[in-house]
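First the structure, in the form of structure tokens, and then the observations on it.
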Amino acid sequence: MSGFAARVLVVAKSPVAGLSKTRLATAVGDAQAAALAAAALLDSLDAVESVSPADTRILALSGDLRAAVDGDEIAARLTDWRVLTQRGTTFAERLVNAHHDVADTPGDDAPLVQIGTDTPQITGRDLADLAAAVDVASSRSGHVALGPATDGGWWGLATRAAGYVDALTQVPMSQSDTCDLTQAALESTGARVSRLHALTDVDTMDDAFRVAALAPSTRFAKLLGQIVHGAAR
């Protein structure tokens with residue numbers, strides 16, 4: 001997509017069986033849940049690569065890809081990515097630290113668009129919308145943009161200043177009011193916050209089927225179909 005001028009940070013967990021997508025694992029087992037997490041991660045990398053040049057792609061990773069499902073394939077895809085190791089005890093701490101690790105690196109001062117890997121249906125257009133919302137040349141310009149998730153969380157965040165996210169260390173994650181609390185925390189630091197369109201995070205099997213129906217050409221959707229078809233035999 002031409003005109004995309006932002007750095008993109010993907011915050012991800014290595015898809016290790018028994019540690020990834022544990023709510024999905026209750027329905028399909030640890031190995032299949034981790035495989036779905038790997039597919040979602042690869043779909044997220046696809047979306048970023050569709051708009052973002054190699055020197056603007058950053059992955060903040062926790063866990064060991066050597067123990068992950070499809071770890072070799074994921075590692076091979078990261079040749080043109082800058083890979084950071086997540087730092088911190090809680091997810092919120094690791095998120096904030098990742099923002100600062102990117103900001104502390106000399107170079108481009110373009111907006112930073114941050115996503116996770118729970119939305120395998122994400123597209124380059126979604127990323128571009130986040131970036132545009134904090135573009136100083138945009139009439140919708142603001143310090144921070146949030147992409148809310150339908151479960152009350154959020155799927156993406158864009159900012160021009162890493163310090164705004166510091167307040168997120170006090171925000172409880174994975175709750176029905178996480179997005180609201182995130183916006184309040186950001187605004188407490190003086191940020192102007194713009195909300196964008198909502199996407200569905202994949203946490204449950206119902207979520208997985210809904211997302212697969214929306215994006216049937218993704219790795220995630222195809223693998224889910226194979227899993228369901230195999231279970232039906």
Side-chain angles (χ1 to χ4, degrees), residues 1-12 44 47-48 50-53 56-60 82 84 86-88 90-119 121-201:
M1 184 178 297
S2 61
F4 186 82
R7 297 164 295 163
V8 182
L9 168 65
V10 179
V11 178
S44 301
V48 174
S50 73
V51 294
S52 181
T56 62
R57 307 167 190 157
I58 308 113
L59 176 71
R82 185 167 145 236
L84 307 173
Q86 292 182 23
R87 302 181 296 108
T90 67
F91 174 72
E93 289 175 353
R94 296 195 298 273
L95 184 67
V96 170
N97 287 335
H99 275 257
H100 281 284
D101 286 345
V102 173
D104 289 344
T105 301
D108 193 359
D109 63 352
L112 179 65
V113 172
Q114 179 255 307
I115 62 170
T117 60
D118 288 338
T119 49
Q121 76 275 32
I122 200 167
T123 67
R125 172 53 59 190
D126 297 317
L127 301 175
D129 286 347
L130 274 174
V134 295
D135 186 341
V136 293
S138 170
S139 61
R140 298 182 293 122
S141 176
H143 293 303
V144 180
L146 272 177
T150 54
D151 63 359
W154 49 271
W155 59 264
L157 182 154
T159 181
R160 298 192 69 91
Y164 289 121
V165 303
D166 288 354
L168 299 192
T169 57
Q170 305 304 314
V171 174
M173 299 292 170
S174 302
Q175 294 188 174
S176 60
D177 58 353
T178 291
C179 190
D180 291 338
L181 294 174
T182 296
Q183 180 167 348
L186 292 166
E187 290 174 341
S188 74
T189 70
R192 296 192 305 273
V193 179
S194 300
R195 284 210 194 193
L196 277 67
H197 58 280
L199 293 178
T200 297
D201 275 351

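Values below: all heavy atoms of this structure, side chains included; hydrogens, waters and symmetry mates excluded. Quick note: residue numbers are just sequence positions, from 1.
- Using a 4.5 Å heavy-atom cutoff, the side chains of Val8 and Thr56 are not in contact.
- Closest non-hydrogen pair, Val134 versus Arg160, comes out as O-CD, 3.0 Å.
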Practice prompt. Kindly determine whether Thr200 and Thr150 satisfy side chain to side chain donor-acceptor pair (under 3.5 Å), including the steps that lead there.
Written response: CA-CA 5 Å; Thr200 297; Thr150 54; 3.3 Å; yes

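- Heavy atoms only, all atoms of each residue included: Arg82 and Asp101 are closest at NH2-O, 3.6 Å.
- In this structure, the side chain of Asn97 engages the main chain of Arg87 through a donor-acceptor pair within 3.5 Å.
- In terms of the ring-ring contact (aromatic ring centres under 6.0 Å, His included) criterion, residue partners of Trp155 (sequence neighbours excluded) are, by chain and number, His197.
- Here Asp180 pairs with Arg195 in a salt bridge; the nearest charged N to carboxylate O distance falls below 4.0 Å.
- Residues Arg7 and Val113 fail the side-chain proximity criterion, which asks for heavy atoms closer than 4.5 Å.
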All N/O donor-acceptor pairs, side-chain side in residues 162-173, below 3.5 Å, sequence neighbours left out:
{"unit_1": "Tyr164", "atom_1": "OH", "unit_2": "His143", "atom_2": "ND1", "d": "3.4"}
{"unit_1": "Asp166", "atom_1": "OD1", "unit_2": "His100", "atom_2": "NE2", "d": "2.5"}
{"unit_1": "Thr169", "atom_1": "OG1", "unit_2": "Asp166", "atom_2": "O", "d": "3.2"}

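- Counting heavy atoms from C-beta on, the side chains of Val48 and Val10 come closer than 4.5 Å.
- By the 4.5 Å heavy-atom criterion applied to side chains, Arg192 and Val144 are not counted as neighbours.
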Worksheet entry | Worked check of side chain to side chain contact (heavy atoms under 4.5 Å, CB included) between Arg125 and Asp129 | CA-CA 6 Å; Arg125 172 53 59 190; Asp129 286 347; 3.5 Å; yes

Discussion item. Apply side chain to side chain contact (heavy atoms under 4.5 Å, CB included) to residues Ile122 and Thr117 and explain how you reach the verdict.
Written reply: CA-CA 9 Å; Ile122 200 167; Thr117 60; over 6 Å; no

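- The shortest side-chain heavy-atom distance between Ser176 and Asp151 does not fall under the 4.5 Å cut-off.
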Practice prompt. Could you walk me through whether Glu93 and Thr90 pass side chain to side chain contact (heavy atoms under 4.5 Å, CB included), step by step?
Written response: CA-CA 5 Å; Glu93 289 175 353; Thr90 67; 3.2 Å; yes

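- Shown here for Gly147 and Leu196, the closest heavy-atom pair between the two residues is CA-CB, 4.5 Å.
- Remark: Asp177 CG to Gln183 CD distance equals 12.5 Å, nearest 0.5 Å.
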Discussion item. Let's go through Leu59 and Leu84 carefully: what are the C-alpha distance in whole Å and the side-chain angles of both, what is the deciding distance for side chain to side chain contact (heavy atoms under 4.5 Å, CB included) to 0.1 Å, and is it a yes or a no?
Written reply: CA-CA 6 Å; Leu59 176 71; Leu84 307 173; over 6 Å; no

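- Closest non-hydrogen pair, Ala60 versus Ala98, comes out as CB-CB, 3.9 Å.
- Here the closest heavy-atom approach between residue Leu130 and residue Leu157 is recorded as CD1-N, 4.0 Å.
- Between the side chain of Arg57 and the backbone N or O of Ser52 there is at least one donor-acceptor pair closer than 3.5 Å.
- For the atom pair SG (Cys179) and CG (Leu146), the distance works out to 5.0 Å, reported to the nearest 0.5 Å.
- Taking the side chain as every heavy atom from C-beta outward, Ile115 and Leu9 never approach each other to under 4.5 Å.
- For the residue pair Thr178 / Trp154, no side-chain donor-acceptor distance below 3.5 Å is found, with atom types taken as modelled.
- The backbone N or O of Asp126 lies less than 3.5 Å from a partner atom in the side chain of Thr123, making a donor-acceptor pair.
- Closest approach of Ser44 to Gly116, counting heavy atoms only: OG-O, 3.9 Å.
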